[in-house]
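In what follows, a structure is listed as structure tokens, so that the remarks can point back to it.
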Amino acid sequence: MKVAGRPMPHESAGAHVTGEALYVDDLCGRFAILLHAWPVCAPHAHAHITQLDVLPALAEPGVVTTLTQADVPGEGDSGANRHDEPLFPIEVLFYHQPVAWVLAESLEAARRGAARVEAAYAPLPAILTIEQAIESNSFLTDQLRIVDGDIRDLERSPVRVKGELRIGGQEHFYLETQAAIAWLDESGCMAVHSSTQHPSETQEIVARVLGVRRNQVTVECLRMGGAFGGKEVQANPYAAIAALGAWKTKRPVRVRLTRELDMAITGKRHPYLARYAAGFEPDGRLNAIRIELYSDGGWSLDLSEPVMWRSMFHVDNTYKLPAVEVTGRVCRTHKTSQTAFRGFGGPQGMLVVEEVLALAAQAVNLPADVVRQRNFYREGDHTHYGERVGDAGRIEEIWNTLKASSDFDRRRRDIAASNAHNRHFKRGLAITPVKFGISFTATFFNQAGAVVLVYRDGTVQVNHGGTEMGQGLFTKIQQVAAESFGLPVSRVRVMSTRTDKVPNTSATAASSGSDLNGAAVEDACVQIQTRLAVVAAAILDCDPPDVRFEDGHASARGKGVEFGALCETAYKQRVSLFAEGFYRTPDIHFDFATSRGNPFYYFAYGAAVSEVELDGFTGQCRLIRTDILHDTGDSLSPIVDRGQIEGGFLQGVGWLTIEELLWDERGRVSTAGASTYKLPSWSEVPDVFNVTLLERATQPGVVMGSKAVGEPPLMLAFSVREAIRDAIAAFGHGRAITFDSPATPERVFFAVRQVRASEYTTGR
Ligand code: MTE
Ligand code: MOS
């Protein structure tokens, strides 16, 4: 049986469950004389620091030293792109911003020491909302723009919708908070364990802060306890602080944020404000759409610009937009610096077009699913940025298959009948599609390296540049290597991610971890296998291309040699048993000046049908059933992919229905903790949850025919938002229903009240 494509549990599933899986902070016990770090946080969203006296901290028992700008041998900045993130600021730019750090023998001593630091501030006015930022002309980027077709068709259209949509942010709530341990290695160079999605960039930032070259710094990531984009760049400052502390004290230093601190100071998914206008035909076909997007970027640039680009690339979702004008601009506010989060801006862009189509369906008095389907891309269509939508036929195939398998039309009728009899509880049903572009839009990131080592006994170590955050990348890599050599996975060990094994790697992000690293690993394996085939052919008396690697043997013509014995023979013949692999995604390019090109190698597709029941007294919704059909190509690892689809969907449900980030009037995150920030859990899992992978879906040109899966399923949760809209509509008649996101019970309650009020005034 093939190893790739086999349903296998996550390679660490057992260790996750027993607690044996190690994360950065679990390694603390291995370091003697470890120091603990705690920040001094500013109690203002915006202020000048008029005084900062760290000496009193030293009077606290257990405190060893403090870290300020004076200790920085290099550049005291962790901003990955713009260098706009001072580690020790002179102007405070968000509430709780660290202004200095204290190192102590225990965490408690460090906290007490930090409390003794004497700081004085001159508060300045703070910008806390997108509206305030627009008014004050406070932006982190210029206006970005994509145009296509003749936008004047909007005004010429017989049916028009127009409005505003506010989209809330989202806390990553990775189970493992930001963490790093740094120490000087045997050679006096800097070594760092970091919970980072991007070890090479963490290495770069640590080197920058210490003022050393990159070869003086080694960064390792064992695994992360979840990241979801929150550790794509935002692991860097904590690794830098740990490294700076170790540099200064020559002792190992540990940084680990508590949950409250992590939620208070790290970036989140970007909140958005969208203004839209669109013109339709009476049959629901879209003519033209204009969308203005504003995101709340927070205090520094971070990844906000590419996030905004991805929003603008995704305002089409699965729909042909004949004429488009979409603009985007990142607002600078005095808040946490918003960052990558599963979907990377795509979800916000897609939500806008789904909102517009839902309103259009109400305007033309057609079922929303009919209007959606009428606007689908067809084979040969191009997106608004000029990329051909390859396999556009899959959109309709998935849609029709799922509608049938979920019994959509019959349930539609049943729900209408039961709603007619139920005054206070209404059900809603909706189907929504997903199309998501796969590749980093910054083309150069689309490369990966690997080093595969085969030992004389026929066992294998695989090194690659990707990081494991629970998404199952290592499981897939193990399967790819095992499949290549025809070995059981037990013979293949995937090593932790280290910058001294594979250099200049990209972040594990954009869902492309297995596409890129899997292909690099496969490349290395094929090279070794080609050499081994020559050795085997001599033994088996055949031609090298005839040798097959299966079931732990190299075989041909009914004869075989055990893989370990073959490796020993190859070694004796002085044949190299290791190789470097490399992969660069072909055929992608994008010109940001003209907004034209092929930023994506391919698209991932899916669709979901959700049914909810809404309690009109409370606005509470229960998710009764969800059916998903998702395209993972020829899945490398079906159990892993199913987990990604279920988890991604539920994370999307959380974002769209219950997770609400609030900042108070001082600019403080007032939902910094699990007690005030509601997360989805078992209770939000639909009562009936049918997840199916699209069959016969081989993706040409990607490792073993697979497709990326990490982010796209999050957007399947749109079906829940639309089912809620459908249920709200059932409380009244024919009124356009719009509500901001998330659709919390409170918002839903008021939407229901509005719909009911209009029902009474029209006398029905
Ligand atoms: N799944 C788990 N369990 N934990 C995570 O942190 N991150 C998501 C997704 N799935 C994440 C996850 C995000 S944001 C991305 S980009 C991808 O995994 C990254 O991994 P991949 O490229 O290997 O799919
Ligand atoms: Mo994922 S948001 O690309 O780390």
Side-chain angles (χ1 to χ4, degrees), residues 10-13 16 21 23 170-178 195-198 201 221 223-235 267-270 302-304 306-307 309-311 314 338-348 436-442 445-446 448 464-480 494 497 505-521 585 601 604 632-633 635-637 639-652 655 702-703 706-715:
H10 189 286
E11 43 78 35
S12 290
H16 288 158
Y23 301 86
Q170 187 176 20
E171 164 61 37
H172 299 87
F173 221 103
Y174 25 63
L175 290 179
E176 178 205 26
T177 53
Q178 303 283 358
S195 182
T196 174
Q197 287 174 254
H198 199 169
E201 192 177 83
C221 178
R223 61 162 63 74
M224 285 164 276
F228 306 109
K231 298 168 182 174
E232 192 171 333
V233 299
Q234 298 220 353
K268 293 131 199 358
R269 183 189 294 286
H270 293 75
D302 193 277
L303 291 164
S304 298
V307 166
W309 274 113
R310 190 168 273 270
S311 300
H314 282 80
Q338 281 27 296
T339 192
F341 195 140
R342 207 172 195 167
F344 205 78
Q348 291 95 324
F436 194 79
I438 301 300
S439 291
F440 288 95
T441 54
F445 276 132
N446 296 287
H464 64 93
T467 53
E468 175 64 37
M469 57 195 94
Q471 86 278 38
L473 174 62
F474 279 27
T475 311
K476 291 182 171 181
I477 293 287
Q478 198 183 24
Q479 286 177 277
V480 166
V494 183
T497 315
T505 54
S506 298
T508 305
S511 303
S512 51
S514 51
D515 284 16
L516 299 175
N517 297 288
V521 167
T585 312
Y601 190 35
T632 60
S635 172
L636 282 175
S637 201
I639 294 180
V640 164
D641 283 354
R642 184 172 295 268
Q644 286 293 292
I645 295 166
E646 292 176 354
F649 169 78
L650 217 63
Q651 196 164 37
W655 171 53
V702 187
V703 60
S706 66
K707 264 193 180 183
V709 70
E711 295 165 287
L714 184 125
M715 281 72 76

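Atoms within each ligand, like the ligands themselves, are counted from 1 in listed order.
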(request) Take R342 and Q170, measure what side-chain contact (heavy atoms from CB on, under 4.5 Å) needs, and give me the verdict at the end. (result) CA-CA 10 Å; R342 207 172 195 167; Q170 187 176 20; over 6 Å; no

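- A salt bridge links K476 to D641: one of the charged nitrogens lies within less than 4.0 Å of a carboxylate oxygen.
- Legend: residues meeting side chain to side chain contact (heavy atoms under 4.5 Å, CB included) with T505, ordered by chain and number and at least two apart, are S200, V502.
- Remark: aromatic rings of H464 and F474 are close, center separation under 6.0 Å.
- Between S512 and F440, some side-chain heavy-atom pair lies under the 4.5 Å cut-off.
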Where does ligand 1 get N/O contacts under 3.5 Å from the protein, atom by atom?
residue  : atom   : partner : partner atom : Å
ligand 1 : 1 (N)  : Q644    : NE2          : 3.0
ligand 1 : 3 (N)  : G470    : O            : 3.4
ligand 1 : 4 (N)  : M469    : O            : 2.9
ligand 1 : 6 (O)  : A227    : N            : 2.8
ligand 1 : 6 (O)  : F228    : N            : 2.9
ligand 1 : 10 (N) : R342    : NH2          : 3.3
ligand 1 : 10 (N) : Q644    : OE1          : 2.7
ligand 1 : 20 (O) : Q471    : NE2          : 3.1
ligand 1 : 22 (O) : S511    : O            : 3.4
ligand 1 : 22 (O) : S512    : N            : 3.2
ligand 1 : 22 (O) : G513    : N            : 2.7
ligand 1 : 23 (O) : Q471    : NE2          : 3.1

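- Between the side chains of S304 and H270, at least one donor N or O lies within less than 3.5 Å of an accepting N or O.
- Checked against side chain to side chain contact (heavy atoms under 4.5 Å, CB included), A235 has the following partners two or more places apart in sequence or in another chain: Q178, S194, T196, K231.
- Ring pair H16/H10 is tilted by interplanar angle, where 30° to 60° counts as tilted.
- Partner of S637 under the side chain to side chain contact (heavy atoms under 4.5 Å, CB included) criterion, chosen from Q644, Q479, R642, Q478: Q479.
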So what's ligand 2 close to, N/O to N/O, under 3.5 Å?
residue  : atom  : partner : partner atom : Å
ligand 2 : 3 (O) : A510    : N            : 2.7
ligand 2 : 3 (O) : E711    : OE2          : 3.2
ligand 2 : 4 (O) : Q197    : NE2          : 2.8
ligand 2 : 4 (O) : G229    : N            : 3.4
ligand 2 : 4 (O) : E232    : OE1          : 3.4

